[in-house]
Engineer: 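Quick one: the structure is below, and I'll ask about it shortly.
When reading the values below, keep in mind they use all heavy atoms of this one structure, side chains included, and skip hydrogens, waters and symmetry mates. We name chains A, B, ... by the order of the sequence lines, and we start the count at 1 in each one.
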Protein chains: 4
Amino acid sequence: MPLNNVESLFAASLQEADLSEKQKAVLRASLTLFADKGYDRTSTADIARLAGVSEGTVYKKFKTKREIFEAITAPFVDQVLPTAAGEFFQEIAGTAFPDFRSLLTFAVHDRIVFGLTNRRELKIFVQEIVSDPKMFSMLAARVSRLFTQGLAPLFKQFQDTGELVRWDAVRIGRHIISTVLAYVLPSVITGTASMDAEQATQEIVAFLMKGLHP
Amino acid sequence: MPLNNVESLFAASLQEADLSEKQKAVLRASLTLFADKGYDRTSTADIARLAGVSEGTVYKKFKTKREIFEAITAPFVDQVLPTAAGEFFQEIAGTAFPDFRSLLTFAVHDRIVFGLTNRRELKIFVQEIVSDPKMFSMLAARVSRLFTQGLAPLFKQFQDTGELVRWDAVRIGRHIISTVLAYVLPSVITGTASMDAEQATQEIVAFLMKGLHP
Amino acid sequence: MPLNNVESLFAASLQEADLSEKQKAVLRASLTLFADKGYDRTSTADIARLAGVSEGTVYKKFKTKREIFEAITAPFVDQVLPTAAGEFFQEIAGTAFPDFRSLLTFAVHDRIVFGLTNRRELKIFVQEIVSDPKMFSMLAARVSRLFTQGLAPLFKQFQDTGELVRWDAVRIGRHIISTVLAYVLPSVITGTASMDAEQATQEIVAFLMKGLHP
Amino acid sequence: MPLNNVESLFAASLQEADLSEKQKAVLRASLTLFADKGYDRTSTADIARLAGVSEGTVYKKFKTKREIFEAITAPFVDQVLPTAAGEFFQEIAGTAFPDFRSLLTFAVHDRIVFGLTNRRELKIFVQEIVSDPKMFSMLAARVSRLFTQGLAPLFKQFQDTGELVRWDAVRIGRHIISTVLAYVLPSVITGTASMDAEQATQEIVAFLMKGLHP
DNA sequence: AATGAATGAGTCTTCATTCAT
DNA sequence: GATGAATGAAGACTCATTCAT
């Protein structure tokens, strides 16, 4: 079963050519602090200190503190989620899943690993979603589209074989996502990685296979 | 089916005798602003303005901004959650549920109504949980105890009749909670109440009854 | 040797008819707090709390915080000092001091007891003098007048008998006062009364008798 | 007779390399205002205005208003007093004083000049001593030690030659200090320098030579 | 007379942001 | 590109004072 190859999404975005070493340090420090204390409770002085640069340097590439935030989260929402979804599809398209359980097992495990790997970015993201309803709505719409457009045909295939209940794709997606999040979010929020991805996958799949059975 | 009779938990706490009308306005304004913009992005000047009082009045009863926050959330975590759980148990104990579906339907519906009714307090709560890992851990421990101590015997009863899968109480609780939250949290975060509690209850119960079947 | 009979100057001023029991409590509390923490660091809320009255009551008799201060210090400077001086003179006039040592011993002991008795009032006074040059100048002028007008004839008498050096009255006064203060002020500032007035008088007189000898 | 060469103690501390021109202006303005109005009655806005800088600048180097106070007084108590005492001793050790009068004349004149030169720092110091008994006790202990340890041998020398009364060093010190302060403090408190150091020295020495004679 | 809730100007402090070097 | 001193607009909080009851 192929593993998620976008493990270090943020690290990848740090490779971008137009960022000096110090700018990257700023991003890294911001990521740490935003995740630890939240955006509002992190000062630009904090960032400069942890990054080991001057306060002026923080503002050389990024015009505002908000821009730093976006440099961290925008890739996440604009590229990473779709990209991840894209790769996800390619995996799915490239692999002939013999049954729904195989697909579910792969998908759940993949997303758990993704979530744990990008734990800190995810936490920043979650904090913002909870504070900013617009961001939540945007994300919800995007995920809805992913299910209604991208995944619906796949679901139909398993619904036709009698392996998947004939609910609409969004409802199915909602059940899957909430079940996965129930295992991933505690690690994201507490910042600990103490989770057995294999065991979690087993438990989730066992529950979902029954819950989503026709 | 008995309905949640703690609908107006916050309103109830506003009745407390030692709060003047203006002090109550401060609490009300704080609740609104904290829920809308978050604790950090709400200034005491904002609160004073919305409450229609001077900034000095804000600090007459509450010595710090944080105390206002706690005046809103502490009742929630210290009394409301246990109280709600207590009433919940009394309902359950007082009512002889003929089967697991009846219990589940009641519980799910009750919590959905509770969540929607206390939408704004819940949002403030969620914002803090996401920012403060300690609060998350505390809440997780409390809920765990609720399931392992309070609900385990009830679960056992239905496990013996073959209606409920023989998983441990925490895992069962996790699946139930995450499924309910998947329906409630969107309303909490966006601040809209546009949700059909009956329909949601039906969908959730249908899913859980299968997922938690032995 | 007559003893200072104005021991409780402040207590006396508290007897005034136009002060209710609560108003007196306000004055008492203010005296304590001003002496302990200084005028600026004492809030009217502190005063109300220690006096056991409401904040409104503090302002019933006294229109401003400053007025409370003056109610404490004005008697001190306007009546107490002159009054004390007056009584002092009467004692001196009434008593035929056989020699300068007798006069000095009486005066020094009297002023030490006076200072220790009114320790807290004195401390408030000293704090204000140090902060407000005008008050210092006023006091200096008053004391100068006391010596040049009131005491000069007396000094002359002992200068004529060869018991007292022929310096001007202000200089003599300066030496006497500074020597006495060197013993009294430490107790005033630290707020402790741990001082032996008899021993101090002896030491001071021994030193002054030599220093002021022709 | 050597003159005190630490005349501009504060100015010297302003030369420190890690202070920008504006930071020095902040210290200078604070010194002026603290001396004029006292610490509590000086606002940081006052300081910024007089220094010609923004309020933010005031807090760039000094994290609190109290730190500014300490930047002014700490050198005074931690370095200046001991240093001054040290130089004072070296002068005394380096110079062979033929008699007690020579020593006294030098010491008194030196301390008068020192006090007048550092008039404003001294005033701030005095204000704090009067408000804060702890500071007074600390200073008193330090000065006591200076006399019992550093000066006692010197005193003994003159006591053996019959030039100095056989009182303990602290008592001798107390008489000297109070007599000097009687001349210096008026200038310190009123902020005027209108004093003839030579004349004052003469008067003080004349009085002390007699008062401290065996 | 007494209360205590209410006020609003003012205080210390923080912080995102700018700019001369 | 990088620095860090400087800014000034808020921010949380205090407090002397007032006034309806």
Side-chain angles (χ1 to χ4, degrees), chain A residues 19-23 25-26 40-49 51-68, chain B residues 18-23 25-26 40-48 51-68, chain C residues 19-23 25-26 40-49 51-68, chain D residues 18-23 25-26 40-48 51-68:
Chain A
L19 283 181
S20 74
E21 205 45 55
K22 303 225 170 191
Q23 310 292 1
V26 168
D40 288 308
R41 292 168 198 181
T42 298
S43 75
T44 52
D46 287 339
I47 294 171
R49 200 175 311 117
V53 303
S54 72
E55 287 192 61
T57 300
V58 172
Y59 280 82
K60 200 68 192 184
K61 174 73 185 175
F62 309 103
K63 301 255 183 303
T64 66
K65 184 184 168 190
R66 192 73 196 170
E67 262 185 32
I68 302 178
Chain B
D18 60 343
L19 283 182
S20 73
E21 207 43 61
K22 301 226 173 190
Q23 310 290 1
V26 168
D40 288 310
R41 291 169 198 181
T42 299
S43 74
T44 52
D46 289 338
I47 294 171
V53 303
S54 73
E55 261 197 272
T57 299
V58 173
Y59 281 87
K60 201 66 188 193
K61 175 76 185 174
F62 307 103
K63 270 174 274 302
T64 65
K65 183 183 166 192
R66 191 72 196 173
E67 255 185 39
I68 303 179
Chain C
L19 283 181
S20 73
E21 206 45 58
K22 302 224 171 195
Q23 311 291 0
V26 167
D40 288 308
R41 292 169 199 180
T42 298
S43 73
T44 52
D46 287 339
I47 294 171
R49 202 175 309 119
V53 304
S54 72
E55 287 191 62
T57 299
V58 173
Y59 279 83
K60 201 67 192 183
K61 173 75 184 173
F62 310 103
K63 301 256 183 302
T64 66
K65 183 184 168 190
R66 192 72 197 171
E67 262 186 30
I68 300 177
Chain D
D18 59 342
L19 284 181
S20 73
E21 207 44 58
K22 301 224 173 191
Q23 311 289 1
V26 167
D40 288 310
R41 291 169 199 181
T42 299
S43 74
T44 52
D46 288 338
I47 295 171
V53 303
S54 72
E55 262 198 273
T57 299
V58 173
Y59 280 86
K60 201 67 189 192
K61 175 76 185 173
F62 308 103
K63 272 175 273 299
T64 65
K65 184 184 167 191
R66 192 72 196 171
E67 255 185 39
I68 302 178

Engineer: Taking all non-hydrogen atoms of both residues into account, name the closest pair between Tyr59(B) and Thr64(B) and its distance.
Structural biologist: CE2-CA, 3.9 Å
Engineer: Please report, rounded to the nearest Å, how far the P atom of dA12(F) is from the NZ atom of Lys61(B).
Structural biologist: 21 Å
Engineer: Toward the 5' end of DNA chain E, which comes first, Asp40(A) or Tyr59(D), by nearest nucleotide?
Structural biologist: Tyr59(D)
Engineer: Would you mind reading off the distance between Arg66(A) atom CZ and dC15(E) atom P, rounded to a whole angstrom?
Structural biologist: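 Arg66(A) atom CZ is separated from dC15(E) atom P by 17 Å.
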Engineer: Expressed in angstrom and rounded to an integer, what is the separation of Arg49(A) atom CZ from dT14(E) atom C1'?
Structural biologist: 12 Å
Engineer: To the nearest Å, how far apart are Arg41(A) CZ and dG11(F) C1'?
Structural biologist: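 For the pair Arg41(A) CZ and dG11(F) C1', the rounded distance is 15 Å.
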Engineer: If you go through the side-chain atoms of Glu55(B), does one of them form a donor-acceptor pair with the base of dC13(F) closer than 3.5 Å?
Structural biologist: yes
Engineer: Which whole-number value in Å describes the distance from Phe62(D) CZ to dT14(E) P?
Structural biologist: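 So the CZ-P distance, Phe62(D) to dT14(E), works out to 15 Å.
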Engineer: Have a look at Val53(D) and say if it touches a base, only the backbone sugar-phosphate, or nothing, with a 4.0 Å heavy-atom cut-off.
Structural biologist: sugar-phosphate
Engineer: Ignoring backbone atoms, test whether Ser54(D) places a side-chain nitrogen or oxygen under 4.0 Å from the OP1 or OP2 oxygen of dT7(F).
Structural biologist: yes
Engineer: For dA1(E), which nucleotide in any strand shown is its Watson-Crick or wobble partner with both distances under 3.5 Å?
Structural biologist: none
Engineer: Tell me the interatomic distance from Gln23(D), atom CD, to dG4(F), atom P, rounded to whole angstroms.
Structural biologist: 14 Å
Engineer: Measure NZ/Lys63(B) against C1'/dA12(F) and give the value in whole Å, please.
Structural biologist: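 These atoms are roughly 15 Å apart.
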Engineer: Nearest heavy-atom pair of Ala51(B) and Ala25(B): which atoms, and what distance?
Structural biologist: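 Looks like CB-O, 3.6 Å.
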Engineer: Mark yes or no for whether Lys65(B), through its side chain, and Thr42(B), through its backbone, hold a donor-acceptor pair below 3.5 Å.
Structural biologist: yes
Engineer: Would you indicate what Ser43(A) reaches in the nucleic acid, counting non-hydrogen atoms under 4.0 angstrom: base, sugar-phosphate, or nothing?
Structural biologist: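 Answer is sugar-phosphate: Ser43(A) comes under 4.0 Å of backbone atoms only.
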Engineer: Which atom pair, heavy atoms only, marks the closest approach of Thr57(D) to Gln23(D)?
Structural biologist: O-OE1, 3.6 Å
Engineer: More 5' along DNA chain F: Lys22(A) or Lys60(D), using each one's nearest nucleotide?
Structural biologist: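 The residue mapped nearer the 5' terminus is Lys22(A).
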Engineer: Where the side chain of Thr44(B) is concerned, which of dA12(F), dA5(E), dG4(E) is the nearest nucleotide?
Structural biologist: dA12(F)
Engineer: Would you say Ser20(B) reaches dA6(E)'s phosphate, i.e. side-chain N/O to OP1/OP2 under 4.0 Å?
Structural biologist: yes
Engineer: For dT7(E), does OP1 or OP2 lie under 4.0 Å from any side-chain N or O of Thr57(B)?
Structural biologist: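 For Thr57(B), the contact criterion (side-chain N or O under 4.0 Å from OP1 or OP2 of dT7(E)) is met.
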Engineer: Apply side-chain contact (heavy atoms from CB on, under 4.5 Å) to residues Leu19(B) and Val26(B) and explain how you reach the verdict.
Structural biologist: CA-CA 10 Å; Leu19(B) 283 182; Val26(B) 168; over 6 Å; no
Engineer: Would you kindly give the CD1-to-P distance between Ile47(D) and dG10(E), to the nearest whole Å?
Structural biologist: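 Rounded to whole Å, this separation is 17 Å.
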Engineer: Does any nucleotide pair with dT17(E) by Watson-Crick or G-U wobble geometry, both distances under 3.5 Å, and what is it?
Structural biologist: dA6(F)
